[in-house]
Enquirer: 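Before we start, here is the structure in question, set down as structure tokens.
Quick caveat: nothing in here was measured; it's all calculated off a predicted structure.
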Amino acid sequence: RRNWLKNAAVIGAASVVAPSLLANTKMEPIKAMVPYQPIRLIVSTYSYWHFDKVKYPIEKVIENAARIGFDGVEILHRQMENETVPYMNKLKRMAFDRGLALPFLSIHQNFVEPDASKRKQDVQHTLNCIKLATQMGVPAIRMNTGSWAGDTPPDYYKTGIKKPVSGYTDQDAIKWVIDGMGECLIEAEKAGVTLCLENHWGLSSNIDYLEEIYNALASSSAMALNLDTGNFVGDPYPQLERLMPLANIIQAKTYYGGGEVYDLSLDYNRIAKIMRNANFTGYVSLEMEGKEDAETAVPKSYDLLRKAFSI
């Protein structure tokens, strides 16, 4: 067991009564290597497939990305046709031949679960995805905290609040997330794969919780933070300013044609300024989540983001 995991276990338990202990584990903000390093813009395969019955082929997303001008493609795990080596090698070769990076694999798991055996299943799922990422040459994986079971309140996407299961608290869930992520980070370090925790609703809607979990694990060389511009409760800009110095990758939402679940008007010129002020140098991944046909909405989104992030 590594020292960071021991520290995380102690911090996870102590965070209930002494959050101030977490201050000692914060990572130093990333410093830009050049004064104005251009932002590398990639597109999530999710932009073309919003969990519809028929999957949009990842191969077509790779072709589209090259034609439009993106620098790479983020792969949504649930969109993959299968997990065979020939299939993964095909995606990797297609991207390489078109000069595209495959820097991000987006997966799902839920550690906000009282049943330890179910949390273990999601740990094993994540460990399997680390192997998939390694096979495809993908250096980073999107991680979720998860959320409490039960009906989703009608105002959930405005408040981010879901009641804990009877007999438990959010502080229990924070510890479960730290423990689950900690197990995954051991293998991620060995594989050289970075695990990027996202503000993906659920427990992570509360950015105090998100930062607490991140800080508890930040001493791992495989721990990172992914910020989704569309997943903040309330005013996103002060929250982006607070978390941007820690961010390693950003998912940028657009909603052409109105949002599939909810709709936001995001000021990407303002977000770009926040990124530059924090010396952000990582990838930005487009997630087009609108109802407009992706064949037209993705190029529009590309133009919007390229203009905003141009130096």
Side-chain angles (χ1 to χ4, degrees), residues 38-52 55-58 60-76 78-79 100-106 108 142 144 156-158 160 196 198-201 204-205 225-241 243-244 247-276 278 280 282-311:
I39 294 298
R40 288 161 180 81
L41 189 59
I42 65 176
V43 60
S44 171
T45 61
Y46 169 70
S47 297
Y48 288 86
W49 180 70
H50 297 158
F51 301 105
D52 302 316
K55 291 182 178 180
Y56 190 99
I58 292 176
K60 287 188 67 176
V61 180
I62 292 172
E63 292 173 348
N64 293 345
R67 184 182 68 255
I68 295 168
F70 285 97
D71 299 305
V73 173
E74 169 193 339
I75 293 175
L76 178 62
R78 291 182 180 178
Q79 198 170 343
L100 297 174
L102 295 178
F104 211 32
L105 176 65
S106 194
H108 294 79
R142 189 282 303 274
N144 300 330
Y156 178 63
Y157 292 108
K158 293 183 178 179
C196 305
E198 180 190 334
N199 57 317
H200 189 79
W201 301 105
S204 62
S205 294
L225 191 66
N226 169 44
L227 298 185
D228 188 314
T229 60
N231 288 356
F232 288 101
V233 174
D235 187 350
Y237 306 108
Q239 297 178 82
L240 282 163
E241 287 176 347
L243 295 175
M244 192 63 70
N248 304 89
I249 187 168
I250 293 170
Q251 288 173 320
K253 286 286 203 308
T254 62
Y255 303 93
Y256 287 102
E260 292 278 11
V261 182
Y262 54 90
D263 203 6
L264 290 176
S265 178
L266 293 165
D267 184 345
Y268 275 106
N269 290 327
R270 184 173 177 182
I271 292 172
K273 184 177 180 181
I274 292 170
M275 291 162 54
R276 286 193 289 270
F280 177 83
Y283 286 101
V284 173
S285 181
L286 166 65
E287 286 191 323
M288 199 291 294
E289 203 174 60
K291 296 176 183 177
E292 183 176 322
D293 190 330
E295 301 297 337
T296 56
V298 169
K300 287 180 185 177
S301 301
Y302 172 84
D303 290 340
L304 171 74
L305 297 180
R306 273 289 187 225
K307 183 178 179 181
F309 300 144
S310 63
I311 302 299

Enquirer: Report the residues that fulfil side chain to side chain donor-acceptor pair (under 3.5 Å) with N226, sequence neighbours left out, ordered by chain and then residue number.
Expert: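 Checked N226 against side chain to side chain donor-acceptor pair (under 3.5 Å); matches are E198, Q251.
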Enquirer: So, using side chain to side chain donor-acceptor pair (under 3.5 Å) as the criterion, who are the partners of Q239 when residues are at least two apart?
Expert: none
Enquirer: Holding to side-chain contact (heavy atoms from CB on, under 4.5 Å), I want the full list of residues that pass it with D303, two or more places apart in sequence or in another chain.
Expert: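 So D303 forms no side-chain contact (heavy atoms from CB on, under 4.5 Å) with any residue.
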Enquirer: List for me each residue that meets side-chain contact (heavy atoms from CB on, under 4.5 Å) alongside P57, sequence neighbours excluded, and say none if there are none.
Expert: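 Only E59, K60 meet the side-chain contact (heavy atoms from CB on, under 4.5 Å) criterion with P57.
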Enquirer: Apply side-chain contact (heavy atoms from CB on, under 4.5 Å) to K307 and list each qualifying residue two or more places apart in sequence or on a separate chain.
Expert: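 Counting only residues at least two positions away or on another chain, K307 forms no side-chain contact (heavy atoms from CB on, under 4.5 Å).
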Enquirer: Test S106 against every option in R142, R78, Q79 by the side-chain hydrogen bond (donor to acceptor under 3.5 Å, both in side chains) rule and name the one that passes.
Expert: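 The option that passes is R142.
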Enquirer: Identify, with sequence neighbours excluded, every residue that meets ring-ring contact (aromatic ring centres under 6.0 Å, His included) alongside Y46.
Expert: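 Expected list: H50, F51.
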Enquirer: Any side-chain to backbone donor/acceptor pair from D228 onto N199? Under 3.5 Å, distance only.
Expert: no
Enquirer: Could you tell me which residues satisfy salt bridge (Lys or Arg N to Asp or Glu O under 4.0 Å) with E74, sequence neighbours excluded, listed by chain and number?
Expert: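 Checked E74 against salt bridge (Lys or Arg N to Asp or Glu O under 4.0 Å); zero matches.
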Enquirer: What residues form a side chain to side chain donor-acceptor pair (under 3.5 Å) with S44, not counting sequence neighbours?
Expert: none
Enquirer: With sequence neighbours excluded, tell me which residues meet ring-ring contact (aromatic ring centres under 6.0 Å, His included) with Y56.
Expert: Y48
Enquirer: For the side chain of S47 and the backbone of L286, is there at least one donor-acceptor N/O pair under 3.5 Å apart?
Expert: yes
Enquirer: Run the ring-ring contact (aromatic ring centres under 6.0 Å, His included) test against Y268 and tell me which residues pass, sequence neighbours left out.
Expert: none
Enquirer: Of D267, I271, L266, T229, which meets side-chain contact (heavy atoms from CB on, under 4.5 Å) against P236?
Expert: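 By the side-chain contact (heavy atoms from CB on, under 4.5 Å) criterion, P236 pairs with just one of D267, I271, L266, T229: L266.
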Enquirer: Could I get the full list of side chain to side chain donor-acceptor pair (under 3.5 Å) partners for K300, not counting sequence neighbours?
Expert: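 K300 satisfies side chain to side chain donor-acceptor pair (under 3.5 Å) with E292 only.
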Enquirer: Report the residues that fulfil side-chain contact (heavy atoms from CB on, under 4.5 Å) with D52, sequence neighbours left out, ordered by chain and then residue number.
Expert: W49
Enquirer: Sort out for me which residue in V298, N64, L305 forms a side-chain contact (heavy atoms from CB on, under 4.5 Å) with V43.
Expert: V298
